[in-house]
Amino acid sequence: MTDHVGPDSAMPDSGGRADDASPQSQGPWASALRQLLSDRIALACIGVLSLFALVAAAAPYLAPYDPFLAQPGKSLLPPGPEHLFGTDLIGRDVLSRVVYGARLSLVIGFVSVGISAAVGVVLGLVAGYYGRLADAVIMRFVDMLMAFPGILLALTIVAMLGPGLTNVMIAVGIGGIANYVRLVRGSVLSIKQQPYIEAVRSVGAGDLRIMFRHVLPNALPPVLVLVSMSYGWALLSAAGLSFLGLGAEPPTVEWGSMLNDARALLRVAPWAAVFPGLAIMCVVLASNLLGESLRDSLDPQQRSR
Amino acid sequence: MMAVPVLFGVATIAFALMYLLPGDPASAMLAKSGASAEQIAELREDMGLDSPFHVQYLRYLGSVLQGDLGRSIVSQEPVLDLLLSRLPTTLELVFAALIVAVPVGTLFGVVAAVRKDQWIDRALVAFSSVGVSVPAFWLGLMLILVFSVHLGWLPAFGAGGVAHLVLPAGVLAFNAIGTVMRTARTSMLDVLRQDYIRTAWAKGLTKPAILYRHALRNALVPVVTIIGLQFGWLVSGSFIVEAVFSRQGIGLLFINSILERDFPVVQGAVLLAALMYVVLNLVIDLLYVIVDPRIRYD
């Protein structure tokens, strides 16, 4: 979808590329991509995230054991050659569970961020483009959401909808909306002042067409940064809710609920708690750092710093 | 003065929490006792649940303004008393974390800015990235593992006394230090680029005088802002930390109430947490005047 971004004139900030040596003028996306690929931290983050995605996708081939298989004779074995991450109370292989857990944990993060971004971008677009009443109503709604800091909003929504995995995704998704609305609204406010918007309007384009074809693509780069950064937050929040017993239910394999199970066994089987947490941290750290690198590469003003 | 409409909105959300619920509070209350449909209907009438939406809403707002948050379904205690009895435990934790995180985060940020691009800057930035990425519930378990299970230095569960506070406050602060540090670093870097700092160098002031008398004071304004935001994040973060360390604060009460579907308590806790956050940010706005004499509220 990124190649639908119009000609260079459509990017207000494409003039600041003094370092662009190539004779053919590249779009800002291409230049940002080049910048990103020359950033070692960004590459490492992409590597880590791809690795986890691969592990999740290939879980049945990579996991040494069935993650649900209880082996009563192998209860609470410490990490060793046979079970690299040890076993839990009922003799399930912790490594296999971490591998399978990646599936649900990564997907939960994606769905939550998808909800935040989809709703937030549309609301921000409408608020910024139409202004006046629409803006006032949407921004008061955002103020209300922002009065519930951090995970409190997600907790409140889970309280309303009831515990469960689907509700956790909805709750974390709603919890992230406010940032998207504020970000997109800000970009739209400046984009709609641009002469090319007026030009498009004078040729007779309707509001919807202008909003989605001409304003939205130019408001997207910062949204991409926020997606990367909020993915970590969403995964962390969803895992937190599962840890509290409000998300994934026992038979399901998910990192947060694995930690919840491991809690009671902390004294006898610390390994059951160590590894799911490390997995969460790696993914969250990688997506946060990738977000920062993305921000630096998409914002020409940041590059000189 | 944005606080008033926001608080009104928060009360509305808290009301909606109850109103939009699948089933209604009366059947939720009597569900366990196996009451008959007539008894439920009677309770509904007693609670005013048969009134139209707007009547219930206005009645709710009225009772909230009078400090009446209803009674817990589980313990039958007034919700307000329940919350107030748990409040000190939560505030103790949040303030302990704040007292650690703000000075340490500011110090780290200033040091990183002054030593920009040197190894200590890189190390501190890396530390702050880990700080904001590590799951609090996992860090809590790991600290319990090391300091309670293996070393036996600190208690793992419960509240009361400084020893009980060290680990949970440490977990909360660890998450917050990263954010405070980022803010302080960026802000200090901005200030160090200003003309008046160059002037100060030019007229031969000593480095400490420039950094601490001229730069730091101006760099603190955004840090004060972030304290207000951090307070909110710490309160919500404390909910999870309380669960990890079994501290009987508002957070644990809130989570148990969600699991037990004790909605008046959930409603009250939401209202209280948002109220604290909004009021604190109002206080922060007023604090600006002290930190930055250029700001005046007329």
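The structure presented is a predicted model; accordingly, all values stated were derived computationally and were not measured. Throughout, protein chains are lettered first and strands after them, A, B, ... in sequence-line order, and every chain is numbered starting at 1.
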Segment of [X] engaging chain A (4.5 angstrom heavy-atom cut-off):
X         : result
Phe231(B) : neither
Val235(B) : neither
Val134(B) : both

Classify the ring geometry between Trp233(A) and Trp233(B) as parallel (under 30°), tilted (30 to 60°) or perpendicular (over 60°).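 Rings of Trp233(A) and Trp233(B): perpendicular, over 60°.
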Quick check for you: to the nearest 0.5 Å, what is the distance between [X] atom [atom1] and [Y] atom [atom2]?
X         : Y         : atom1 : atom2 : answer
Glu292(A) : Arg182(B) : CD    : CZ    : 4.0 Å
Leu152(A) : Ser238(B) : CG    : OG    : 9.5 Å
Ser236(B) : Leu153(A) : OG    : CG    : 10.0 Å

Distance-minimising heavy-atom pair for [X] and [Y]:
X         : Y         : value
Leu259(B) : Leu244(A) : CD1-O, 4.1 Å
Ser246(B) : Arg263(A) : OG-NH2, 4.4 Å
Gly277(A) : Pro135(B) : O-CG, 4.2 Å
Gly240(A) : Ile240(B) : CA-CD1, 4.1 Å
Ala273(A) : Leu141(B) : CB-CD1, 4.4 Å
Phe263(B) : Ala159(A) : CE2-O, 3.2 Å

Mind ranking [options] by heavy-atom pairs under 4.5 Å with chain B and telling me who comes out on top?
options                                    : value
Ile157(A), Leu278(A), Leu235(A), Leu241(A) : Leu278(A)
Gly245(A), Pro270(A), Ser287(A)            : Pro270(A)
Asn288(A), Leu259(A), Leu155(A), Ile151(A) : Leu155(A)

Leu236(A) versus Trp138(B): any side-chain heavy-atom pair under 4.5 Å?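 Not touching, per the 4.5 Å side-chain cut-off.
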Can you confirm whether Phe137(B) sits close enough to Asn260(A) that some side-chain heavy atom of one is under 4.5 Å from a side-chain heavy atom of the other?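 No, too far: nothing below the 4.5 Å cut-off.
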Given a strict heavy-atom distance threshold of 4.5 Å, which part of [X] is in contact with chain B: side chain, backbone, both, or neither?
X         : answer
Leu289(A) : side chain
Ala239(A) : both
Val283(A) : neither

Around atom CZ of Phe110(A), are there more than 12 heavy atoms of other residues, nucleotides or ligands at under 6.0 Å?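 Result for CZ/Phe110(A): open.
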Can you tell me if CD1 on Ile41(A) sees more than 12 non-hydrogen neighbours from other groups inside 6.0 Å?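 No.
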At a heavy-atom distance under 4.5 Å, which candidate from Val244(B), Leu234(B), Leu189(B) has the highest pair count against chain A?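 When all of Val244(B), Leu234(B), Leu189(B) are compared, Val244(B) has the most.
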